[in-house]
Protein chains: 2
Amino acid sequence: MVTIKDVAEYAGVSVATVSRALNNSGYVGKQSRIKVEEAIKTLGYYPNEVARSLYQKSSKMIGLLLPDISNPYFPLVAKGVEDYAQQNGYMIILGNVEDNIEKEDMYVKFFSQYNISGVLSAATGKKSQNYQVPFVLLDRALEEEDYSIATDDHLGGELAAKAIIESKGKQVVVMAGPKNIAGANDRLSGALGVLNSKGLSYQIFETHSYQVDKAEETAVQLFESTSHFDSVIASNDVYALAVMKEAIKRGYRIPEDIQIIGYDDMLFSRLMYPGLTTIAQPAYELGFQGAKMLVDLIEKNSSEHKKVKLKPKLIMRDSLR
Amino acid sequence: MVTIKDVAEYAGVSVATVSRALNNSGYVGKQSRIKVEEAIKTLGYYPNEVARSLYQKSSKMIGLLLPDISNPYFPLVAKGVEDYAQQNGYMIILGNVEDNIEKEDMYVKFFSQYNISGVLSAATGKKSQNYQVPFVLLDRALEEEDYSIATDDHLGGELAAKAIIESKGKQVVVMAGPKNIAGANDRLSGALGVLNSKGLSYQIFETHSYQVDKAEETAVQLFESTSHFDSVIASNDVYALAVMKEAIKRGYRIPEDIQIIGYDDMLFSRLMYPGLTTIAQPAYELGFQGAKMLVDLIEKNSSEHKKVKLKPKLIMRDSLR
DNA sequence: CCTCAATCTGTAACCGATTACACATTTAGT
DNA sequence: ACTAAATGTGTAATCGGTTACAGATTGAGG
């Protein structure tokens, strides 16, 4: 490994001068700068971030906490984060926490062991207590003082309910996501507000997680534990898909007998048949903006906005009448 | 931040003794050990990995290079990797390289700046030249001497072709994945071998990437650039879906007019209608085993197996007659 | 009781960077 | 030409750990 010492020797200057040249800090003579640059080039030197990080007590790494990478929504978020991070010289460390507080705590501890410079979390939203680095919540902000980027879920819920009403839904089932997730509640209240104002009858069906592997099971329960309905506002696209499939299996036609609207707009929602009408969440944008906010917080100790709400959007396809 | 020095002071011993107690290396007296343990507990100390890593020239981080996180296959692999890594105290650093050599090189450089202890790569397969850490290739091994875990793609191709034959396909289109990806070629040769041995007529349709956003476009091209066919062996499930959708849009019935078999078995393949018959790749298992091989290489400098081939499996659903 | 090995423990060097500080050399201003 | 400020550079401390080495203590064997 080529170290700063090797460069210094080769260039005939001290390590301090090399470091100053490298970081454009302090004064560096013209001659020295040239010699250092040559030495760096011929030796193929690049600095060891671990050493730098030890002294600075901060590294160019950010931690990304995700509730479930196998849920196709989050990889898109991750991609947004990754793109912004990479453009700005940050690495991302991945933590898949599965709505498991212990795993989350473990990761947060790992992160601080590695002098991570900031955390992006789409997990519980419980901003880890005594944790001092910049922290941006993705999608699941709880308290007023948090920095966060989220989709305007209340609006999303309204959009979904309006779409159902426009297409003449009469007996609606609203799937409510896990109560401990703020966004799920907003979605529910948005939808319910619209439904109430139009005086439509509806039933609420609660789901207790967003875990993908529960989807089929949940769809079966939906049909067995609710009375007749002609419209479903699903808690996400995966669930919408599972419900659609179960509906077809039970002999219903879509959208004639049962119409369904999803939430998220995953890539496959577009590719399936019938195409799923859904509320698009700007997942990539969420990750990208979140990373931007975090990097601003890290580097300038401030961010233009504190709470950003991105607008969801209705994507009309074929699962509504 | 609580440092080893604080612990030493509190316990009334030297930092060397604390370090030895921590790592169970060298001799540590009974009394000292107890005092150190108490100090650690009351101060809530945990070691800084950056400092450790600087001296050891190796950290408990592994790099994971993925070609495209938004392709739903890879998050599953990532989850397998993450689970094994986490169980063994490793962190994973994510690199989304998008089949872009420059990005890959950039990440490899980043990795070495952070004293990463090993790399798992599902990217180009071009094991980065002068890179000295343990390296395990996921899915895309090229050369004989590499360590790798892959799915037996040749078998996968055979399975797909056999399934098509069983369900009376006559005019088959075989979608060939990118030529520079070893697995894609194996799949193709496996399928072609079976097709040839049965004397079936087929056309080959080449696709140039696995990027998700190309899928719809590619499906259109497929219909426009090939002559009549009744069966499609798709290069993956996303493409299969896109082709199915395009087929239905053009008035074909599935599986009556055109039957389709996919590759991967993504979670939504099960949830869609008609259910996609496909060749299941053990994505999670691939990641998990890959991580295991890498950790063995890191810690014991050897691994039980050098090249592991996992078996793909036919999943019968409704897109074949 | 003596000797040698085994057990403990602390001091200090080291890993590869950054930077405070001191000192030397220019340059500028009068 | 003389002083003060600006510029350039190296030495050494520092970040928080690990470990080689040396010295001290204990125990076993003869």
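Each chain gets a letter, A, B and so on, in the order its sequence line appears, and its residues count up from 1.
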Find the distance [X]:[atom1] to [N]:[atom2] and express it as a whole number of Å.
| X | N | atom1 | atom2 | result |
| --- | --- | --- | --- | --- |
| A:E9 | D:dT11 | CD | C1' | 16 Å |
| B:Y114 | C:dG16 | OH | P | 17 Å |
| B:L54 | C:dC15 | CG | P | 9 Å |
| A:R52 | D:dC15 | CZ | C1' | 14 Å |
| B:K5 | D:dT18 | NZ | C1' | 16 Å |
| A:E49 | C:dA17 | CD | C1' | 10 Å |
| A:Q31 | D:dG8 | CD | P | 11 Å |
| B:Y45 | D:dG16 | OH | P | 10 Å |

Under 4.0 Å, counting only non-hydrogen atoms across every strand here, what does B:V28 touch: a base, just sugar-phosphate, or nothing?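 Sugar-phosphate, backbone atoms only, no base.
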
For A:S53, report the nucleic acid contact type (base, sugar-phosphate, nothing); a contact means any heavy atom under 4.0 Å.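 The residue A:S53 makes no contact with any strand.
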
Kindly assign one of parallel, tilted or perpendicular to the pair A:F111 and A:Y107, based on the angle between their ring planes and the thresholds 30° and 60°.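 The rings of A:F111 and A:Y107 sit tilted, inter-plane angle from 30° to 60°.
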
Strictly below 4.0 Å, N to O, side chains only: are [X] and [Y] in salt-bridge contact?
| X | Y | value |
| --- | --- | --- |
| B:E82 | A:K103 | yes |
| B:E38 | B:K41 | no |
| A:K309 | A:D153 | no |

Return yes if the base of D:dG8 and the side-chain atoms of A:R33 contain a donor-acceptor N/O pair under 3.5 Å, otherwise no.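 When only heavy-atom distances are counted, A:R33 does not reach the base of D:dG8 through any donor-acceptor pair under 3.5 Å.
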
Can you check whether [X] has a side-chain N or O nearer than 4.0 Å to OP1 or OP2 of [N]?
| X | N | result |
| --- | --- | --- |
| A:N23 | C:dT18 | yes |
| A:S32 | D:dG8 | no |
| B:Y27 | D:dT26 | no |

In terms of side-chain heavy atoms of [X], which of [options] is nearest?
| X | options | answer |
| --- | --- | --- |
| B:T17 | C:dG10, C:dA12, D:dG16 | C:dG10 |
| A:A51 | C:dG16, D:dT19, D:dG10 | C:dG16 |
| A:K57 | D:dT11, D:dC21, D:dC15 | D:dC15 |
| A:A16 | D:dT18, C:dC8, D:dT11 | D:dT11 |
| B:I4 | C:dC15, D:dG17, C:dT7 | D:dG17 |
| A:S19 | D:dC21, D:dT18, C:dT19 | C:dT19 |
| A:M1 | C:dG16, D:dT18, D:dG17 | C:dG16 |
| A:Q56 | C:dT19, C:dA17, D:dT19 | C:dT19 |

Closest-nucleotide 5' rank along DNA chain C - winner of A:L22 and B:V13: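 Closest to the 5' end, via its nearest nucleotide, is B:V13.
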
On DNA chain C, nearest-nucleotide positions of A:Y55 versus B:S14: which is more 5'?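 Nearest nucleotide further toward 5': that of B:S14.
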
Establish, from distance only, whether the side-chain atoms of A:D296 and A:Y147 form a donor-acceptor pair under 3.5 Å.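 No, because no side-chain N or O of A:D296 sits under 3.5 Å from a partner of the opposite role on A:Y147.
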
Mind checking whether A:K79 and B:E98 have side chains closer than 4.5 Å, heavy atoms only?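 The answer is yes; the side chains approach within 4.5 Å.
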
